[in-house]
2 protein chains.
Amino acid sequence: MEKSPKPTDAELAILRVLWQRGPSTVKQVQQVLEATKKAGYTTVLKFMQIMVEKGLVTRDESPFAHVYQARVPREQTQRTLVADLLERAFEGSTSRLLLQALATKKATPEELAEIRKILKNHERGIQ
Amino acid sequence: MEKSPKPTDAELAILRVLWQRGPSTVKQVQQVLEATKKAGYTTVLKFMQIMVEKGLVTRDESPFAHVYQARVPREQTQRTLVADLLERAFEGSTSRLLLQALATKKATPEELAEIRKILKNHERGIQ
DNA sequence: TAAAGTCAACGAATATTTTCGTAATGAATA
DNA sequence: TATTCATTACGAAAATATTCGTTGACTTTA
């Protein structure tokens, strides 16, 4: 079983791009990131090298441009992060977490429907 | 309106003690923390001094032992943290957040009932 | 008043995260 | 082959977070 270390902010931002785009070169990732954060090429490269060492991504050393790929699944990382926040800030209470999540961000009716569905599925699973 | 900077891990651990115990001295906080983390007295003191500077806590400079108190409300801090996580890891999707939260931690029937209640209240508020 | 104890202040040391300058490599091309 | 271009490698610098040793102030008590 793999350990899934908690990625830093910068690492998570890179993972998000890889999850969304699939395997990408440093340049491709950097171009996406420079829109929001202003991260230079070597900065992004450095992080991706660190992430290879940590096992967060794999690198395909293709002839010219190396192609990187997320090694940790999105959902697993999300679970790690939300479990961490639950413990650190909510004393483990999922209901409190949801309460504050809804308080900061008005969910659309579609989101609410989705939440109800998740809840229903979860209850069925528990029976 | 106050800004509510995201507390670091160590700062959040101290805030949790203050939220739970109410106004406390450094020693009292340190005694609670050394059970879980092994934080020395001066370490805790240093953080609490930093937190005064950042405006996270206030200090009552009583005759002998200074008494510290959380200045940021628990719920506001929780909202800041969950909003941050929503953006950084869930593309803003509250339903995804809940899904993964339920996936990591089996909610008790009471928790589920609580969650349903929160959802119902929230829907009523939206109408 | 002296000694011992308690606590805060200060600053240094360490660790971690983030950023980027510069050099090296290898391919394409003039 | 020499030059240019795109990319990676290396390592240092800067920023931030964490930890703690030491000093000094004040209180109590012997």
Side-chain angles (χ1 to χ4, degrees), chain A residues 3 5-18 23-69 77 80-81 84-85 88-89, chain B residues 3-18 21 23-69 77 80-81 84-85 88-89:
Chain A
K3 293 269 275 312
K6 192 175 147 194
T8 67
D9 282 12
E11 289 170 349
L12 183 57
I14 290 169
L15 283 175
R16 285 171 61 191
V17 177
L18 292 178
S24 309
T25 64
V26 173
K27 185 169 194 181
Q28 291 169 326
V29 171
Q30 190 264 327
Q31 283 172 342
V32 173
L33 289 184
E34 80 181 350
T36 35
K37 331 164 84 88
K38 45 299 195 85
Y41 180 88
T42 49
T43 301
V44 175
L45 170 64
K46 183 61 173 182
F47 281 127
M48 294 176 76
Q49 287 170 344
I50 290 173
M51 290 165 80
V52 170
E53 280 171 28
K54 291 190 183 176
L56 289 173
V57 303
T58 56
R59 174 170 53 204
D60 170 12
E61 310 202 350
S62 301
F64 202 17
H66 295 184
V67 175
Y68 292 77
Q69 187 168 359
T77 303
T80 299
L81 291 170
D84 177 70
L85 187 65
R88 288 196 302 117
Chain B
K3 291 271 273 314
S4 178
K6 191 176 150 194
T8 68
D9 282 13
E11 289 170 349
L12 183 57
I14 289 169
L15 283 175
R16 284 172 61 190
V17 177
L18 293 178
R21 293 191 82 263
S24 309
T25 64
V26 173
K27 185 170 194 181
Q28 291 169 326
V29 171
Q30 190 263 328
Q31 283 172 342
V32 173
L33 289 185
E34 81 180 349
T36 37
K37 332 168 83 91
K38 45 291 192 92
Y41 179 87
T42 49
T43 301
V44 175
L45 170 64
K46 182 62 173 181
F47 281 127
M48 292 176 78
Q49 287 170 344
I50 291 173
M51 290 165 80
V52 170
E53 282 171 27
K54 291 191 184 176
L56 290 172
V57 302
T58 55
R59 174 170 54 204
D60 171 11
E61 310 202 351
S62 302
F64 202 17
H66 294 184
V67 175
Y68 292 77
Q69 185 169 0
T77 303
T80 299
L81 290 171
D84 176 70
L85 187 65
R88 287 195 304 116

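What's counted below: heavy atoms across the whole structure, side chains too, no hydrogens, waters or symmetry copies. Not measured: the values here are computed from a predicted model.
Atom-to-atom, NE2 of B:H66 to P of C:dC10 comes out at 11 Å; the value is rounded to the nearest Å. Whole-Å rounding puts the B:M48 CE to D:dT19 P distance at 15 Å. When rounded to the nearest whole Å, the span between CG of B:D9 and C1' of D:dA17 equals 10 Å. Between B:D60 atom CG and C:dC7 atom C1' the separation is 15 Å, expressed in whole Å. For the pair A:M51 CE and C:dT16 C1', the computed distance is 16 Å after rounding to whole Å. Between the NZ atom of B:K54 and the C1' atom of D:dT16 there is a distance of 9 Å, rounded to whole Å. To the nearest angstrom, P of C:dT16 lies 12 Å from CD1 of A:I50. Atom CG of A:L45 and atom P of D:dA6 are 16 Å apart (whole Å).
B:T8 comes within contact range of the sugar-phosphate backbone alone, with a heavy-atom separation under 4.0 Å but no base atom that close. Across all strands shown, A:Q49 has heavy atoms under 4.0 Å from base atoms, whether or not it also approaches the sugar-phosphate.
Residues B:D60 and B:P23 are not in side-chain contact: their nearest non-hydrogen atoms beyond the backbone lie 4.5 Å or more apart. Looking at heavy atoms from C-beta onward, A:L56 lies out of side-chain contact with A:I50 at the 4.5 angstrom threshold. Contact of the A:E11 side chain with the A:K54 side chain is registered, since non-hydrogen atoms from C-beta on lie closer than 4.5 Å.
Applying the 4.0 Å criterion to OP1 and OP2 of C:dA9, one finds that B:R59 has a side-chain N or O inside that range. For B:T43, a side-chain nitrogen or oxygen approaches OP1 or OP2 of D:dC20 to under 4.0 Å. Contact annotation: B:K27 reaches the phosphate of C:dC7 (side-chain N/O to OP1 or OP2, under 4.0 Å).
Mapping B:T25 and B:K46 onto DNA chain C by nearest heavy atom places B:T25 closer to the 5' end of the strand.
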Criterion side-chain contact (heavy atoms from CB on, under 4.5 Å) on A:L45 and A:Y68, from CA distance to verdict
CA-CA 10 Å; A:L45 170 64; A:Y68 292 77; 4.1 Å; yes
Could you go through A:M51 and A:L15, starting from their C-alpha distance and side-chain angles, then the distance that decides it, and tell me whether this counts as side-chain contact (heavy atoms from CB on, under 4.5 Å)?
CA-CA 9 Å; A:M51 290 165 80; A:L15 283 175; 3.6 Å; yes
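When each of D:dT8, D:dT19, C:dT19 is scored by its nearest atom to the side-chain atoms of B:F47, the top-ranked nucleotide is D:dT19. Counting only heavy atoms from C-beta on, A:T42 has its side chain closest to C:dC20 among C:dT19, D:dT8, C:dC20.
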